[in-house]
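Notes follow the structure.
Along the sequence shown, the residues carry numbers beginning at 1. Atoms within each ligand, like the ligands themselves, are counted from 1 in listed order.
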Amino acid sequence: MRIYISGLHCGPNPSAGVGVARSLRLAYPDATLIGVDYSNRSSGIHAPEFDDVWLQQPWNKLDLDVHAAQLHDRIEQEGSYWISCLDLEILWAAQALEPHPRLLIATSKALDQIAKPAVPAHRGLPVGIPPFLSTIEPDDRLHAFGRRHGWKIWLKGPYYDAAQVNSWPALVSLRAAFQSTWGTENLFVQAHVRGLEESLCFSAYRGRLLDAVHMVKREITPEGKTWGGCVDDPVPELLDPLREIVAALNWTGGAELEMIRDPAGALWLMEMNPRFPAWIHGATLAGRNLVGRLVEAASGIAMCKAEPQSSEFVRIVLEIPVRSGYPLSPLQEPLNGNQYPSSKYPSGMPMLARKLHALRRRAAPAGASEPAEALASAPASFIEDVGDADLDQVQTPYRFLLPRTTAQSFSRIATAARAASGPGCTVRVAYSIKTNPDQRLIELARGQGFLAEAISELEVAAALELGFLPEQIILNGPAKGWPRPIRAHPVHAMICDSIEELRQVAQRAARGENLAHIIGVRLRGPQLISRFGIPVASHELFGEMIELLRALPPSIRLGCHFHVASNFFGIGQWWKLYESSLRCARAIETCAERAVECIDIGGGWFPEDFENELIPELGNAVRQAREALPGLREFVLEPGKAMVQHSMALAVRVLEVRRNWGWPKEIVVDGSIAELPLALQYPHRILQRDDMTGEWQPMARGKARILGRLCMEDDILAPNVALRTDIAQGQLLAICDAGAYESTMAYNFGKGKTNGL
Ligand SMILES: *Cc1c(COP(=O)(O)O)cnc(C)c1O
């Protein structure tokens, strides 16, 4: 019996070939085992289990047709068996070769059913698929996905490669790197699942499940790969549906379902691999020789019975002699300390991936395989407002207000606040002045009956100047008295950021100073890593806080403030933190023996999340707060960027168009990161004007870049846009979503001026 086994890499992230060979050696001591690989850097080619090795050219050099013919000969003429431990080789061979009883891999049709990330075949198994989104989707949806999951997400390639992504800039740069390595736009992002890894491994022949084991990892490498595990029988809830899936897919070969068990005990399916896992010999050591069973089913020749030695296995590192005739090549010289894909994938796997895309594109109906770029879109009010702005004569870069967009945003939240108010408890909006102190915005806020939220005496002065009364102002933050001590007029509310501040405020109140109608505390829960608020988990500080709150004059009402950026933890966690701060407020009420009459939930919301996640739940949130705090009279929201991020756009002009073979690849504009300091921190919608029609159109994602005017390496305003082919010097662009910190944190640069400090 001759058996070819491919995939011999044996590093910390190994292929299964060596484990498969060790198991086969036990099942069939006399079989001839031939190791196959596509790189002489795969250390498993030296493993003593192999009687011989068949070393091929790397995939980028290999003639695939010739290889397919040779493979066919070995199976057909030699009567050999073929077990592949390389996912991409399996995908290729399933397309390139006719099914054969000794070619021990699944069919293309079955492989389609286990494709990442949806794994359609999983239906019936008691497992969930973690939320995912294709990178074909527009950038604003990808950014929303990251926010929703608190930037605990992964970027994954269609076959290989996964990288944890913790911010938008990281996603943009990893996306570009993955796309160039794998030659496809079709990647996906997936939510991280907290939990412990387990897997289900099985062996099947022509739709018949031969054996299956359940392995729970006991030791892992820094990459999360198995280094020790415990092998057991799968429970019937997994085994029964698995048997049906194997039959439905008419599966042949090994397979592994990689799963994560979350803290609640639920199983999540990460992927289903069409091959044995690298730890497969661990199952054999537990008396379950899945590889032997596969060859037995295909050959009809009984294998040697597997002897159970231990249900647990570990890995060790061993030195072995190098096979004669296969000397080691020298190390590759590192290029700038980076690992290039050629050295990360020594067998040229990415090249095979590209060839596979090409094959699939040819096989699929026209236009179906590689989806076109998502069409760009921008809200209609952006286009109207930008269209109405008279930009032809202005000196660019020029920031301007989008009046309809802004008015809509202010009135929508005013309506939502009214709708969520009930008898006895009013919902109030306090506009965060620091986010954008533009007079027009402060006046709009006042016109809607909002409060003004200020973090300094200077901001209070600005609000008073524009008609706010002291009792319409909330003072918050760590330096309210800067630059002068706080005035005598009582403000609506004052939120203390520390125990020291609370102590001082309490002393002043005791002396008869009338500082505010509501005195509140900003809570820093035990889960938060924050520089703000009173750390209520400290027994000592909590005790002192209670004493100080109890001592406040009875005419003063108590408030609790909680402020966590929703994208830091993710939306689901935000609501859990909200509930936990209500419990904390309730504890304060009980211990201080005074009602908490005001809850203030802060800002930090991205506009779309505020609109889609918070506003629809506002009524419920208020109800929950009233249930926890029966004396509640006021519920405050302090939105800043949620209301004004889209209120302004920056008009810029094209200074230069840089073309490659006639196609515009880069433009230099007269705006810069000095006017858009957060240009790369989140996606901005960009409109470009068609000079023929005067129409403003949203710019789609693409491979071109918008560069800023500064002589600074990092002055890149947009790294991934599609430029019109007729784009020309002097044309206007409007970079939207520039009304919050893009506006307030802008600075003078490259204009021969200082910043005025
Ligand atoms: C800045 C600030 C806000 C507004 O934050 P955004 O991120 O702009 O929504 C709200 N409350 C306080 C106390 C702030 O300092």
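Considering only non-hydrogen protein atoms, atom 11 (N) of ligand 1 sits nearest to Glu638 OE1, 2.6 Å. When only non-hydrogen protein atoms are considered, atom 9 (O) of ligand 1 lies nearest to Gly604 N, 2.8 Å. The single protein non-hydrogen atom nearest to atom 2 (C) of ligand 1 is Lys434 NZ, 2.4 Å, given as residue, atom name and distance.
Less than 4.0 angstrom separates some heavy atom of Thr435 from each of these atoms of ligand 1: 4 (C), 8 (O). Near Gly603, meaning under 4.0 Å from one of its heavy atoms, ligand 1 places the atoms 9 (O), 10 (C). Residue-ligand proximity, Ser432 to ligand 1, at heavy-atom distances under 4.0 Å covers atoms 1 (C), 2 (C), 3 (C), 4 (C).
Checking only distances, Tyr741 does come within under 3.5 Å of ligand 1, N or O to N or O. Considering both main-chain and side-chain atoms, Lys641 comes within under 3.5 Å of ligand 1 through a nitrogen or oxygen pair. At under 3.5 Å, not a single nitrogen or oxygen of Gly477, backbone or side chain, sits near a nitrogen or oxygen of ligand 1.
A ring pair (Phe, Tyr, Trp, His ring centres under 6.0 Å) check over residues 509-557, counting only residues at least two apart or in different chains, returns nothing.
Every residue was checked against the ring-ring contact (aromatic ring centres under 6.0 Å, His included) condition with Trp696, not counting sequence neighbours, and none meets it.
A donor-acceptor pair shorter than 3.5 Å cannot be found between the side chains of Ser134 and Glu137. Side-chain contact of Asp670 with Thr396: a donor-acceptor pair under 3.5 Å is present, judged by distance alone. Residues Glu742 and His684 bring a donor and an acceptor atom of their side chains to less than 3.5 Å of each other.
The minimum heavy-atom distance between Phe749 and Ala674, with the atom names listed, is CB-CB, 3.7 Å.
Between Ile601 and Trp574 the shortest side-chain heavy-atom distance falls below 4.5 Å.
When heavy-atom distances to ligand 1 are checked against a 4.0 Å cut-off, Ile455 comes that close only through its side chain, counted from C-beta outward.
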